[in-house]
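FYI, side chains are in, hydrogens and waters are out, and symmetry mates aren't considered; it's all heavy atoms of this structure. Quantities reported herein were computed from a predicted structural model and do not represent experimental measurements.
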Amino acid sequence: MSALNLSWHSKSLDSQVALRCGAYPTCSHQTNALAFRGSESMGHSLKFPFGNSSAKTRLRNHIRPPLRVVCMDYPRPDLDNTVNFLEAALLSSSFRSSPRPAKPLNVVIAGAGLAGLSTAKYLADAGHKPILLEARDVLGGKVAAWKDDDGDWYETGLHIFFGAYPNVQNLFGELGINDRLQWKEHSMIFAMPNKPGEFSRFDFPEVLPAPLNGILAILKNNEMLTWPEKVKFAIGLLPAIVGGQAYVEAQDGLSVQEWMRKQGVPDRVTTEVFIAMSKALNFINPDELSMQCILIALNRFLQEKHGSKMAFLDGNPPERLCMPIVDHIQSRGGEVKLNSRIKKIELNDDGTVKSFLLNTGDVIEGDVYVFATPVDILKLLLPDNWKEIPYFKKLEKLVGVPVINVHIWFDRKLKNTYDHLLFSRSPLLSVYADMSLTCKEYYDPNKSMLELVFAPAEEWISRSDSEIIDATMGELAKLFPDEISADQSKAKIVKYHVVKTPRSVYKTVPDCEPCRPLQRSPIEGFYLAGDYTKQKYLASMEGAVLSGKLCAQAIIQDYEFLVARGQGSLTEATIS
């Protein structure tokens, strides 16, 4: 039980009171808690309720009542007054306050992931009519999820919403769904491979501003890095701190491993911390990941007090996040169509887009066209006439990285876990969480459901689900040595789902940055959105949402030109 936070609760699951999640003794009375120190791996006090003298006697005699698990969340952090949040809010408001178009543009958008949904939402806010086409029968793209025959959800990925996601946080506020984010304590928690079943924490104190809270979190952790290693890492980071964004962008040509060695940072720092961070950020190891990616993340986490604070969505993304966006779009006259897979981009004689041809044979025409699909899908459908244009040719270097998301339902409640995201530090796994604790919709007081990111996945993407589960169980046996064994002689699997994404976010290897395209393409009336396009948050949900806003902004800026291009008469979007 070294990883459990034991405390007492006073309100229901829907309460906004900030309490930890863990195992609680069943007791009919609640009074003050007595705190005990002594769990080094936890870094937090253990609290036991004392309702009366008999309860104290039971504790002295080591006779504890049955345990039950209750999940509670932390309040939403104060994000609304940060510079980045206000900057994002200003961009959002620009769509609502822009002059209403005399003749709204009919904008046909391919892809109903977060980038396409964001593009459509902000175009609708500006008075235009988006027509959003999704190839599959589910919303969300990389945040898609499905319900199985038992009514349980399984997802494309394990999605975390950071405080350093200002455009995502604004979007939740604009939709009136801030309460759907379940905020966790401000910590980063790493498994200890050399101490199976134990964890090491970086706890960010709430009383300190950034970057002091992050610095103290690092200094207080003596289990993962020694003091000499911390000093050398800090000295290595000085150029990034002094040089700012210009320095960060200049490091795109180096991998994380190359940069660390160049700066004299010990290899053990990379092994202890940045293998886990690299896999969490881009599903690849530090010998492949561009250092720019790490520096951008560190900059956000260290410069914003709540930047690294994490939240889980309170349920499945299609219903709890995507549907509110769809409702918003439709309430303003836009359309969203599922099962509308694009077969071909048809061109006019001048090389501009004439229409999107669907697999069904339907032809979709509009005034403006947006591709908000992953970059690999765009490259497959790119017209031959465009392939040698430098803007599109540079996309060849941008390739989606394979990733596997694993869900395992067990026959019991696992104890060696937290109500939080956990960095596994496993060679096969990236991050994981017990979703029966962290997510309200998936909450189960009696059985655990672990959701795990299997990465790097390039060597595993073609293997069978059973092979992947066997390998996952082998790693879980190290994380839960008292509760899980590879042969299931301890906790038994009730069921599992394996979701393979052969091409997920673009692989952020060195020298990719110059290949990322702006949202406005050289083809008149054709635009791009997606986390691979040029924006400052790289391959992430925040990057996807911001790219959609930038795409919508470019279209609105080009409105007069687009009207003139159409000779003053804009078409109705048609399906023929």
* Check Asp465, Asp411, Asp150 against Lys495 for a salt bridge (Lys or Arg N to Asp or Glu O under 4.0 Å) and give me the one that passes. => Asp150
Hey, are [Y] and [X] close enough side-chain-wise for a donor-acceptor pair under 3.5 Å?
X: Glu542; Y: Asn167; answer: yes
X: Ser290; Y: Asp252; answer: yes
X: Asp287; Y: Ser255; answer: no
X: Asn316; Y: Glu319; answer: yes
X: Thr438; Y: Lys184; answer: no
X: Asp203; Y: His186; answer: no
X: Thr508; Y: Asn282; answer: yes
X: Glu475; Y: Tyr432; answer: no
X: Asp531; Y: Ser547; answer: no
X: Asn405; Y: Lys500; answer: no

Donor-acceptor pair, [X] side chain versus [Y] backbone, under 3.5 Å?
X: Gln257; Y: Thr270; result: no
X: Gln535; Y: Leu538; result: yes
X: Lys490; Y: Pro481; result: yes
X: Ser540; Y: Tyr537; result: yes
X: Asn170; Y: Ala88; result: no
X: Arg425; Y: Glu272; result: yes

* Asked: Only one of Arg180, Arg320, Gln182 clears side chain to side chain donor-acceptor pair (under 3.5 Å) with Asp314; which?
  -> Arg320
Can you tell which of [options] makes a ring pair (Phe, Tyr, Trp, His ring centres under 6.0 Å) with [X]?
X: His497; options: Trp153, Trp146, Tyr154; answer: Tyr154
X: Phe161; options: Phe312, Trp183, Phe172; answer: Phe172
X: Tyr418; options: Phe190, Phe199, Phe423; answer: Phe199

Establish, yes or no, whether a centroid distance under 6.0 Å links the rings of [X] and [Y].
X: Phe274; Y: Phe233; result: yes
X: Phe301; Y: Phe162; result: yes
X: Trp460; Y: Phe454; result: yes

* To do: With sequence neighbours left out, write down each residue that passes salt bridge (Lys or Arg N to Asp or Glu O under 4.0 Å) with Asp487, or none if nothing qualifies.
  => none
If every non-hydrogen atom of [X] is compared with every non-hydrogen atom of [Y], which pair is closest and at what distance?
X: Pro209; Y: Lys305; answer: CA-CD, 4.4 Å
X: Cys512; Y: Lys397; answer: N-CE, 4.0 Å
X: Ser485; Y: Ser489; answer: OG-OG, 2.8 Å
X: Ala145; Y: Glu155; answer: CB-CG, 3.8 Å
X: Glu483; Y: Lys413; answer: OE1-O, 4.0 Å

* CG-CG distance between Leu437 and Asp444, expressed to the nearest 0.5 angstrom -> 9.5 Å
* Start with the C-alpha gap between Arg516 and Glu513, add the side-chain angles, then the distance that decides, and say whether salt bridge (charged side-chain N to carboxylate O under 4.0 Å, His left out) holds. => CA-CA 6 Å; Arg516 298 175 68 197; Glu513 193 62 25; 3.2 Å; yes
